[in-house]
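Structure first, commentary second.
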Amino acid sequence: MRRLVTALIIVVILAIAAFWLSRPKPVAVTVASVGTGTVEATLANTRAGTVEACQRTKLSTIVGGRIEYLGVKEGDKVEKGQLLLKLWNDDQQASSALASAQVTLAAKRAEEVCIAATNAEKEASRQAELRARGFVSPSREESARTDAEVRRAACATARADIAQAEARLKSTRVDQGRVALYAPFAGTVAKIVGELGEYSTPSPPGVPTPPAIDLFDDACLYVKAPMDEVDAPKIAVGQPVRITLDALPGKVLAGTVRRVAPYVSAVEKQARTVDIEVDFAKPDEAAGLLVGYSADVEIILATRENVLRIPTAAILEGGKVLLLEDGKLVERSIKAGLANWEHTEISEGLQAGERIVTSLERTGVVAGAKATEEQAAR
(Lines give C-alpha, C1' and ligand atoms only; values in the text may rest on other atoms or scores of the structure.)
Protein backbone atom coordinates (compact mmCIF):
# COMPACT_ATOMS: atom_id res chain seq x y z
CA MET A 1 0.00 0.00 0.00
CA ARG A 2 2.82 2.38 0.86
CA ARG A 3 4.42 1.70 -2.50
CA LEU A 4 1.14 2.40 -4.32
CA VAL A 5 0.62 5.71 -2.49
CA THR A 6 4.19 6.71 -3.20
CA ALA A 7 3.84 5.90 -6.92
CA LEU A 8 0.57 7.84 -7.07
CA ILE A 9 2.16 10.88 -5.46
CA ILE A 10 5.04 10.74 -7.94
CA VAL A 11 2.62 10.56 -10.90
CA VAL A 12 0.66 13.55 -9.61
CA ILE A 13 3.86 15.57 -9.12
CA LEU A 14 5.06 14.71 -12.62
CA ALA A 15 1.67 15.65 -14.10
CA ILE A 16 1.69 19.00 -12.30
CA ALA A 17 5.27 19.66 -13.44
CA ALA A 18 4.43 18.74 -17.04
CA PHE A 19 1.41 21.04 -17.02
CA TRP A 20 3.42 23.86 -15.51
CA LEU A 21 6.23 23.47 -18.01
CA SER A 22 3.97 23.06 -21.05
CA ARG A 23 1.64 25.95 -20.35
CA PRO A 24 1.99 28.88 -22.84
CA LYS A 25 4.26 31.66 -21.71
CA PRO A 26 2.91 35.23 -21.78
CA VAL A 27 3.87 37.01 -25.02
CA ALA A 28 5.85 40.21 -24.65
CA VAL A 29 4.14 43.18 -26.32
CA THR A 30 4.78 46.87 -26.71
CA VAL A 31 1.98 49.18 -25.67
CA ALA A 32 1.05 52.81 -26.06
CA SER A 33 -1.30 54.90 -23.99
CA VAL A 34 -4.32 56.48 -25.64
CA GLY A 35 -3.73 60.22 -25.60
CA THR A 36 -4.82 63.50 -27.15
CA GLY A 37 -3.18 65.59 -29.84
CA THR A 38 -3.42 66.77 -33.44
CA VAL A 39 -4.50 64.48 -36.27
CA GLU A 40 -4.22 65.39 -39.94
CA ALA A 41 -5.64 63.75 -43.05
CA THR A 42 -2.85 63.88 -45.62
CA LEU A 43 -1.88 62.66 -49.09
CA ALA A 44 1.65 61.94 -50.26
CA ASN A 45 3.16 61.64 -53.72
CA THR A 46 3.54 58.16 -55.23
CA ARG A 47 7.00 58.85 -56.69
CA ALA A 48 9.56 61.50 -55.94
CA GLY A 49 8.72 64.95 -57.22
CA THR A 50 11.16 67.44 -58.74
CA VAL A 51 12.13 71.05 -58.08
CA GLU A 52 11.38 72.94 -61.31
CA ALA A 53 12.06 76.47 -62.55
CA CYS A 54 9.03 78.65 -63.32
CA GLN A 55 10.73 79.64 -66.58
CA ARG A 56 12.69 77.05 -68.54
CA THR A 57 13.18 76.75 -72.28
CA LYS A 58 15.11 74.40 -74.52
CA LEU A 59 16.34 76.36 -77.50
CA SER A 60 17.21 75.07 -80.97
CA THR A 61 17.81 76.89 -84.24
CA ILE A 62 15.09 76.59 -86.87
CA VAL A 63 17.58 75.32 -89.47
CA GLY A 64 20.71 73.24 -89.13
CA GLY A 65 24.25 74.42 -89.73
CA ARG A 66 27.80 74.73 -88.46
CA ILE A 67 28.20 76.61 -85.16
CA GLU A 68 30.14 79.79 -85.94
CA TYR A 69 29.62 81.66 -82.65
CA LEU A 70 29.06 80.27 -79.14
CA GLY A 71 29.03 83.08 -76.62
CA VAL A 72 28.19 81.19 -73.40
CA LYS A 73 29.28 78.24 -71.28
CA GLU A 74 27.25 75.91 -69.07
CA GLY A 75 26.46 77.68 -65.81
CA ASP A 76 26.75 81.20 -67.26
CA LYS A 77 24.24 83.87 -66.27
CA VAL A 78 22.74 85.63 -69.30
CA GLU A 79 20.56 88.69 -69.86
CA LYS A 80 17.33 88.87 -71.84
CA GLY A 81 18.05 89.37 -75.55
CA GLN A 82 21.70 88.27 -75.29
CA LEU A 83 23.08 86.41 -78.34
CA LEU A 84 23.86 82.86 -77.26
CA LEU A 85 24.67 80.95 -80.45
CA LYS A 86 24.90 81.61 -84.16
CA LEU A 87 25.36 79.32 -87.16
CA TRP A 88 27.43 80.03 -90.28
CA ASN A 89 25.35 82.23 -92.61
CA ASP A 90 27.71 84.10 -94.97
CA ASP A 91 25.33 83.33 -97.84
CA GLN A 92 22.46 84.96 -96.01
CA GLN A 93 24.56 88.01 -95.18
CA ALA A 94 25.47 88.35 -98.86
CA SER A 95 21.80 88.14 -99.82
CA SER A 96 20.98 90.77 -97.20
CA ALA A 97 23.70 93.11 -98.54
CA LEU A 98 22.34 92.67 -102.06
CA ALA A 99 18.80 93.40 -100.91
CA SER A 100 20.00 96.52 -99.07
CA ALA A 101 21.73 97.78 -102.23
CA GLN A 102 18.54 97.17 -104.21
CA VAL A 103 16.61 99.29 -101.74
CA THR A 104 19.07 102.15 -102.22
CA LEU A 105 18.94 101.80 -106.02
CA ALA A 106 15.14 101.74 -106.04
CA ALA A 107 15.06 104.89 -103.91
CA LYS A 108 17.37 106.72 -106.32
CA ARG A 109 15.30 105.69 -109.32
CA ALA A 110 12.10 106.77 -107.61
CA GLU A 111 13.65 110.14 -106.80
CA GLU A 112 14.58 110.63 -110.46
CA VAL A 113 11.20 109.58 -111.82
CA CYS A 114 9.21 111.61 -109.30
CA ILE A 115 11.23 114.79 -110.03
CA ALA A 116 10.40 114.31 -113.71
CA ALA A 117 6.74 113.83 -112.80
CA THR A 118 6.73 117.07 -110.81
CA ASN A 119 8.22 118.98 -113.76
CA ALA A 120 5.68 117.42 -116.13
CA GLU A 121 2.83 118.55 -113.88
CA LYS A 122 4.21 122.09 -113.84
CA GLU A 123 4.45 122.01 -117.66
CA ALA A 124 0.86 120.79 -117.94
CA SER A 125 -0.31 123.68 -115.72
CA ARG A 126 1.59 126.20 -117.88
CA GLN A 127 0.10 124.76 -121.07
CA ALA A 128 -3.38 125.01 -119.56
CA GLU A 129 -2.82 128.74 -118.85
CA LEU A 130 -1.59 129.34 -122.42
CA ARG A 131 -4.58 127.43 -123.80
CA ALA A 132 -6.90 129.66 -121.80
CA ARG A 133 -5.30 132.73 -123.42
CA GLY A 134 -5.50 131.17 -126.87
CA PHE A 135 -1.74 130.92 -127.39
CA VAL A 136 -1.64 127.09 -127.83
CA SER A 137 -3.98 124.57 -129.36
CA PRO A 138 -6.17 122.23 -127.25
CA SER A 139 -4.19 119.24 -128.51
CA ARG A 140 -0.98 120.72 -127.13
CA GLU A 141 -2.57 121.14 -123.72
CA GLU A 142 -3.96 117.58 -123.82
CA SER A 143 -0.54 116.18 -124.71
CA ALA A 144 1.11 117.98 -121.76
CA ARG A 145 -1.53 116.77 -119.32
CA THR A 146 -1.21 113.15 -120.53
CA ASP A 147 2.57 113.27 -120.18
CA ALA A 148 2.23 114.53 -116.59
CA GLU A 149 -0.17 111.71 -115.69
CA VAL A 150 2.15 109.09 -117.19
CA ARG A 151 5.12 110.42 -115.27
CA ARG A 152 3.12 110.56 -112.01
CA ALA A 153 2.14 106.91 -112.51
CA ALA A 154 5.79 106.06 -113.12
CA CYS A 155 6.64 107.83 -109.84
CA ALA A 156 4.08 105.67 -107.97
CA THR A 157 5.51 102.54 -109.60
CA ALA A 158 9.02 103.51 -108.56
CA ARG A 159 7.88 103.97 -104.95
CA ALA A 160 6.22 100.54 -105.08
CA ASP A 161 9.57 99.15 -106.21
CA ILE A 162 11.09 100.63 -103.04
CA ALA A 163 8.50 98.84 -100.88
CA GLN A 164 9.20 95.59 -102.73
CA ALA A 165 12.96 95.94 -102.20
CA GLU A 166 12.45 96.71 -98.49
CA ALA A 167 10.25 93.61 -98.13
CA ARG A 168 12.96 91.53 -99.79
CA LEU A 169 15.52 92.97 -97.34
CA LYS A 170 13.24 92.18 -94.41
CA SER A 171 12.90 88.61 -95.68
CA THR A 172 16.67 88.14 -95.71
CA ARG A 173 16.86 89.42 -92.13
CA VAL A 174 14.15 86.94 -91.09
CA ASP A 175 16.25 84.17 -92.65
CA GLN A 176 19.21 85.31 -90.57
CA GLY A 177 17.07 84.96 -87.46
CA ARG A 178 16.70 81.25 -88.23
CA VAL A 179 20.38 80.63 -87.48
CA ALA A 180 20.72 82.62 -84.22
CA LEU A 181 19.57 81.98 -80.65
CA TYR A 182 18.84 84.87 -78.28
CA ALA A 183 17.94 84.54 -74.59
CA PRO A 184 14.15 85.02 -74.24
CA PHE A 185 14.64 85.89 -70.54
CA ALA A 186 17.43 86.42 -68.02
CA GLY A 187 18.58 83.12 -66.58
CA THR A 188 21.23 80.42 -66.32
CA VAL A 189 22.55 78.15 -69.05
CA ALA A 190 21.96 74.59 -67.87
CA LYS A 191 23.32 72.60 -70.79
CA ILE A 192 24.83 73.13 -74.24
CA VAL A 193 24.78 70.47 -76.95
CA GLY A 194 27.50 71.17 -79.53
CA GLU A 195 30.85 72.92 -79.72
CA LEU A 196 32.25 75.69 -81.88
CA GLY A 197 32.65 74.37 -85.42
CA GLU A 198 30.32 71.40 -84.93
CA TYR A 199 27.10 70.91 -86.87
CA SER A 200 23.91 71.69 -84.98
CA THR A 201 20.74 69.87 -86.00
CA PRO A 202 17.26 71.11 -85.04
CA SER A 203 14.57 68.72 -83.83
CA PRO A 204 12.34 67.49 -86.67
CA PRO A 205 8.67 66.93 -85.77
CA GLY A 206 8.30 63.71 -83.82
CA VAL A 207 12.05 63.15 -83.39
CA PRO A 208 13.40 63.93 -79.87
CA THR A 209 16.71 65.63 -80.61
CA PRO A 210 18.56 67.29 -77.69
CA PRO A 211 18.20 71.11 -77.73
CA ALA A 212 21.21 73.27 -78.52
CA ILE A 213 20.85 75.28 -75.29
CA ASP A 214 18.83 74.57 -72.14
CA LEU A 215 18.08 77.83 -70.29
CA PHE A 216 16.25 78.30 -66.98
CA ASP A 217 15.51 81.07 -64.50
CA ASP A 218 16.00 79.90 -60.90
CA ALA A 219 14.64 83.13 -59.42
CA CYS A 220 11.27 81.37 -59.22
CA LEU A 221 10.98 77.70 -58.23
CA TYR A 222 8.16 75.24 -57.63
CA VAL A 223 7.73 71.48 -57.05
CA LYS A 224 6.11 69.13 -59.53
CA ALA A 225 5.00 65.79 -58.08
CA PRO A 226 2.87 62.80 -59.22
CA MET A 227 -0.13 61.81 -57.10
CA ASP A 228 -2.11 58.58 -57.34
CA GLU A 229 -5.16 58.93 -59.59
CA VAL A 230 -7.36 57.61 -56.75
CA ASP A 231 -6.44 60.65 -54.63
CA ALA A 232 -6.92 63.21 -57.40
CA PRO A 233 -10.57 64.10 -56.53
CA LYS A 234 -9.46 65.11 -53.01
CA ILE A 235 -6.83 67.60 -54.23
CA ALA A 236 -7.71 71.24 -54.86
CA VAL A 237 -5.82 74.44 -55.61
CA GLY A 238 -4.91 76.35 -52.45
CA GLN A 239 -4.49 73.37 -50.11
CA PRO A 240 -1.50 73.61 -47.72
CA VAL A 241 1.48 71.34 -48.36
CA ARG A 242 4.60 70.22 -46.52
CA ILE A 243 7.68 69.89 -48.74
CA THR A 244 10.75 67.81 -47.85
CA LEU A 245 13.92 67.34 -49.87
CA ASP A 246 16.58 64.65 -49.72
CA ALA A 247 19.20 67.37 -50.06
CA LEU A 248 17.93 69.07 -46.87
CA PRO A 249 17.30 66.24 -44.38
CA GLY A 250 15.15 67.21 -41.43
CA LYS A 251 13.97 70.47 -42.98
CA VAL A 252 10.29 70.99 -43.83
CA LEU A 253 9.19 73.81 -46.14
CA ALA A 254 5.64 75.10 -46.38
CA GLY A 255 3.87 75.24 -49.72
CA THR A 256 0.52 75.57 -51.48
CA VAL A 257 -1.05 73.62 -54.34
CA ARG A 258 -1.16 75.96 -57.33
CA ARG A 259 -2.22 73.60 -60.11
CA VAL A 260 -3.70 70.14 -60.59
CA ALA A 261 -3.22 68.57 -64.02
CA PRO A 262 -6.52 68.12 -65.93
CA TYR A 263 -5.52 64.66 -67.16
CA VAL A 264 -4.05 61.36 -65.92
CA SER A 265 -0.51 60.38 -66.91
CA ALA A 266 -0.18 56.77 -67.98
CA VAL A 267 3.48 55.73 -67.96
CA GLU A 268 4.25 52.16 -69.03
CA LYS A 269 4.80 49.76 -66.10
CA GLN A 270 3.93 52.49 -63.59
CA ALA A 271 0.77 53.48 -61.74
CA ARG A 272 -1.48 56.09 -63.32
CA THR A 273 -0.87 59.45 -61.69
CA VAL A 274 -1.99 63.07 -61.76
CA ASP A 275 0.74 65.71 -61.65
CA ILE A 276 0.39 68.64 -59.25
CA GLU A 277 2.43 71.82 -58.96
CA VAL A 278 3.26 73.29 -55.55
CA ASP A 279 4.47 76.83 -54.83
CA PHE A 280 6.77 77.56 -51.90
CA ALA A 281 4.89 79.58 -49.27
CA LYS A 282 8.09 81.52 -48.57
CA PRO A 283 10.09 81.84 -51.81
CA ASP A 284 13.11 83.07 -49.85
CA GLU A 285 13.38 79.63 -48.22
CA ALA A 286 13.69 78.08 -51.68
CA ALA A 287 16.56 80.37 -52.68
CA GLY A 288 19.65 78.32 -53.38
CA LEU A 289 17.82 75.11 -54.22
CA LEU A 290 19.04 73.46 -57.40
CA VAL A 291 16.66 72.83 -60.26
CA GLY A 292 16.19 69.06 -60.46
CA TYR A 293 16.38 68.32 -56.72
CA SER A 294 14.10 65.42 -55.72
CA ALA A 295 11.27 66.49 -53.42
CA ASP A 296 8.35 64.89 -51.58
CA VAL A 297 5.07 66.62 -50.88
CA GLU A 298 2.43 65.95 -48.23
CA ILE A 299 -0.92 67.60 -48.88
CA ILE A 300 -2.89 68.47 -45.74
CA LEU A 301 -6.56 67.76 -46.45
CA ALA A 302 -7.95 68.41 -42.94
CA THR A 303 -6.68 69.06 -39.40
CA ARG A 304 -8.24 68.39 -36.00
CA GLU A 305 -6.55 69.47 -32.78
CA ASN A 306 -6.81 68.16 -29.23
CA VAL A 307 -8.63 64.95 -30.18
CA LEU A 308 -8.29 61.42 -28.83
CA ARG A 309 -5.77 59.54 -30.99
CA ILE A 310 -3.77 56.32 -31.22
CA PRO A 311 -0.95 55.09 -33.51
CA THR A 312 -2.38 53.99 -36.84
CA ALA A 313 -0.21 50.85 -36.70
CA ALA A 314 -2.19 49.65 -33.67
CA ILE A 315 -5.46 49.19 -35.61
CA LEU A 316 -6.46 45.70 -36.75
CA GLU A 317 -8.49 44.91 -39.83
CA GLY A 318 -12.15 45.61 -39.25
CA GLY A 319 -11.57 48.62 -37.00
CA LYS A 320 -10.44 46.81 -33.85
CA VAL A 321 -7.60 47.15 -31.35
CA LEU A 322 -6.03 44.97 -28.66
CA LEU A 323 -5.75 46.25 -25.09
CA LEU A 324 -3.53 44.87 -22.34
CA GLU A 325 -5.77 44.36 -19.30
CA ASP A 326 -4.68 42.36 -16.23
CA GLY A 327 -2.05 40.45 -18.20
CA LYS A 328 -4.41 39.48 -20.99
CA LEU A 329 -5.05 40.79 -24.52
CA VAL A 330 -8.61 42.04 -24.97
CA GLU A 331 -10.12 42.94 -28.35
CA ARG A 332 -12.28 46.02 -28.69
CA SER A 333 -14.06 47.69 -31.63
CA ILE A 334 -13.46 51.38 -32.26
CA LYS A 335 -14.82 54.13 -34.46
CA ALA A 336 -12.10 56.08 -36.26
CA GLY A 337 -12.13 59.63 -37.62
CA LEU A 338 -9.31 61.42 -39.44
CA ALA A 339 -6.23 59.31 -40.06
CA ASN A 340 -2.76 59.36 -41.56
CA TRP A 341 0.15 56.95 -41.56
CA GLU A 342 1.14 58.03 -38.03
CA HIS A 343 -2.02 58.73 -36.00
CA THR A 344 -5.74 57.98 -36.18
CA GLU A 345 -8.50 59.93 -34.44
CA ILE A 346 -10.75 57.88 -32.13
CA SER A 347 -14.35 59.05 -31.81
CA GLU A 348 -15.74 55.97 -29.98
CA GLY A 349 -14.46 52.85 -28.19
CA LEU A 350 -11.47 54.09 -26.18
CA GLN A 351 -10.69 56.47 -23.35
CA ALA A 352 -7.59 58.47 -22.58
CA GLY A 353 -5.00 56.51 -20.64
CA GLU A 354 -6.00 53.03 -21.81
CA ARG A 355 -3.11 50.91 -23.03
CA ILE A 356 -3.27 49.47 -26.54
CA VAL A 357 -0.92 46.99 -28.18
CA THR A 358 1.28 48.31 -31.01
CA SER A 359 3.36 45.17 -31.75
CA LEU A 360 0.63 43.43 -33.74
CA GLU A 361 3.10 41.75 -36.08
CA ARG A 362 4.50 39.45 -33.37
CA THR A 363 3.56 35.77 -33.20
CA GLY A 364 0.95 34.98 -30.58
CA VAL A 365 -0.45 38.49 -30.33
CA VAL A 366 -4.14 37.62 -30.55
CA ALA A 367 -7.22 38.30 -28.49
CA GLY A 368 -7.34 36.19 -25.33
CA ALA A 369 -3.60 35.53 -25.15
CA LYS A 370 -1.71 36.22 -21.96
CA ALA A 371 0.81 39.01 -22.35
CA THR A 372 3.27 41.17 -20.51
CA GLU A 373 4.43 44.64 -21.35
CA GLU A 374 7.87 44.68 -22.87
CA GLN A 375 10.25 46.89 -21.01
CA ALA A 376 12.18 49.42 -23.03
CA ALA A 377 15.89 48.70 -23.35
CA ARG A 378 18.16 50.93 -21.36
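When hydrophobic clusters are built by joining Ile, Leu, Val, Met, Phe, Trp and Tyr residues whose side-chain heavy atoms come closer than 4.5 Å, directly or via intermediates, Val278 is grouped together with Tyr293. A chain of hydrophobic side-chain contacts below 4.5 Å, direct or via other Ile, Leu, Val, Met, Phe, Trp or Tyr residues, connects Ile235 to Val264. Tyr263 and Val274 end up in different hydrophobic clusters when Ile, Leu, Val, Met, Phe, Trp and Tyr side chains are linked at under 4.5 Å. In the hydrophobic clustering of ILVMFWY residues, with side-chain heavy atoms under 4.5 Å counting as a link, Leu248 and Val241 come out together. Leu84 is connected to Val63 through a chain of hydrophobic side-chain contacts under 4.5 Å among Ile, Leu, Val, Met, Phe, Trp and Tyr, so both are in one cluster.
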Report the C-alpha distance between Thr46 and Asp231 in whole Å, list the side-chain angles of each, state the deciding distance to 0.1 Å, and finish with yes or no for side-chain contact (heavy atoms from CB on, under 4.5 Å). CA-CA 10 Å; Thr46 57; Asp231 297 327; 5.8 Å; no

Step by step, work out the side-chain contact (heavy atoms from CB on, under 4.5 Å) result for Glu68 and Asp90. CA-CA 10 Å; Glu68 184 181 61; Asp90 289 356; 4.0 Å; yes

Could you walk me through whether Ile276 and Ile299 pass side-chain contact (heavy atoms from CB on, under 4.5 Å), step by step? CA-CA 11 Å; Ile276 65 167; Ile299 303 174; 3.6 Å; yes

Run the numbers on Leu329 and Leu324 for side-chain contact (heavy atoms from CB on, under 4.5 Å), then give the verdict. CA-CA 5 Å; Leu329 299 182; Leu324 181 59; 4.0 Å; yes

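Remark: the Asn340 side chain and the Thr42 side chain contain no N/O donor-acceptor pair separated by less than 3.5 Å. Judged by distance alone, the side chains of Thr273 and Ser265 never bring a donor and an acceptor atom under 3.5 Å apart.
Residues Ala190 and Arg56 share a closest heavy-atom pair of CB-NH2, 4.4 Å. Of all heavy-atom pairs between Leu181 and Ala212, the closest is CD1-CB, 4.0 Å. Considering every non-hydrogen atom in both Val27 and Val365, the closest pair reads CG2-CG2, 4.2 Å. Scanning all heavy atoms of the two residues, the minimum distance from Ala32 to Thr358 falls at CB-CG2, 3.8 Å. Considering every non-hydrogen atom in both Ala295 and Val223, the closest pair reads CB-CG1, 4.0 Å.
Proximity of Glu331 to Leu316: side-chain heavy atoms (C-beta onward) are separated by under 4.5 Å at one or more points. Between Leu59 and Pro184, the closest side-chain pair of non-hydrogen atoms falls below 4.5 Å. Looking only at side-chain heavy atoms (C-beta outward), Leu290 and Val51 stay at 4.5 Å or farther from each other. At least one side-chain heavy atom of Leu169 sits less than 4.5 Å from a side-chain heavy atom of Ser96. Here the side chains of Val72 and Gln82 are in contact, with some heavy-atom distance below 4.5 Å. Thr30 places a side-chain heavy atom less than 4.5 Å from the side chain of Arg362. Between Ser359 and Val357, the closest side-chain pair of non-hydrogen atoms falls below 4.5 Å. Using a 4.5 Å cut-off on side-chain heavy atoms (C-beta onward), Arg131 and Pro138 make contact.
Under the 3.5 Å distance criterion, the side-chain polar atoms of Gln239 are matched with a main-chain donor or acceptor of Lys234. When atom types are taken as modelled, the side chain of Ser347 and the backbone of Lys335 share a donor-acceptor pair closer than 3.5 angstrom. Checked by atom type and distance alone, the side chain of Thr157 pairs as donor or acceptor with a backbone atom of Ala153 at under 3.5 Å. In terms of modelled atom types and a separation under 3.5 Å, the side chain of Asn45 and the main chain of Val297 share a donor-acceptor contact. Side-chain N or O atoms of Ser143 include none that pairs as donor or acceptor with a backbone N or O of Arg140 at under 3.5 Å. Remark: side-chain polar atoms of Glu345 are paired, donor with acceptor, to backbone N or O of Leu338 under 3.5 angstrom. Between the side chain of Thr312 and the main chain of His343, a donor-acceptor pair closer than 3.5 Å is present.
Taking CG of Leu221 as the start and CD of Glu52 as the end, the distance is 9.5 Å to the nearest 0.5 Å. Interatomic distance, CZ of Arg66 versus CG of Leu196, reported as 8.5 Å (0.5 Å rounding). In this structure, CD1 in Ile67 is found 11.0 Å from OH in Tyr199, a value given to the nearest 0.5 Å. Rounded to the nearest 0.5 Å, atoms CG (Asp275) and CE (Met227) are 10.5 Å apart. Taking CG of Asp296 as the reference point, atom CG of Asp246 lies at 6.5 Å (rounded to 0.5 Å). For the atom pair CZ of Arg109 and CD1 of Ile162, the computed distance is 11.0 Å after rounding to the nearest 0.5 Å.
Remark: Arg259 CZ is packed, more than 12 non-hydrogen atoms of other residues, nucleotides or ligands lying under 6.0 Å away. Annotation: Glu361, atom CD; neighbour count of heavy atoms from other residues, nucleotides and ligands within 6.0 Å is above 12. When the shell of 6.0 Å around CZ of Arg159 is examined, it contains 12 or fewer heavy atoms from other residues, nucleotides or ligands. The environment of Glu74 atom CD is dense: over 12 non-hydrogen atoms of other residues, nucleotides or ligands sit within 6.0 angstrom.
The side chain to side chain donor-acceptor pair (under 3.5 Å) contacts involving residues 113-126 comprise Glu121-Arg152, Glu123-Arg126, Glu123-Gln127, where partners must be two or more places apart or lie in separate chains. Listed by first and then second residue, the side chain to side chain donor-acceptor pair (under 3.5 Å) pairs that reach into residues 186-197 are Lys77-Thr188, sequence neighbours excluded.
Look at Lys251 and Glu285 and you find no salt bridge, because none of the NZ, NE, NH1 or NH2 atoms lies under 4.0 Å from a carboxylate O. A salt bridge links Arg258 and Glu277; the closest N-O separation between the charged side-chain nitrogens and carboxylate oxygens is under 4.0 Å.
Side-chain contacts under 4.5 Å among hydrophobic residues (ILVMFWY), followed directly or transitively, place Ile346 together with Val34, Leu308, Ile310, Ile315, Val321, Leu323, Ile334, Leu350, Ile356.
Partner of Glu40 under the salt bridge (charged side-chain N to carboxylate O under 4.0 Å, His left out) criterion, out of Arg309, Arg242, Arg304: Arg242 alone.
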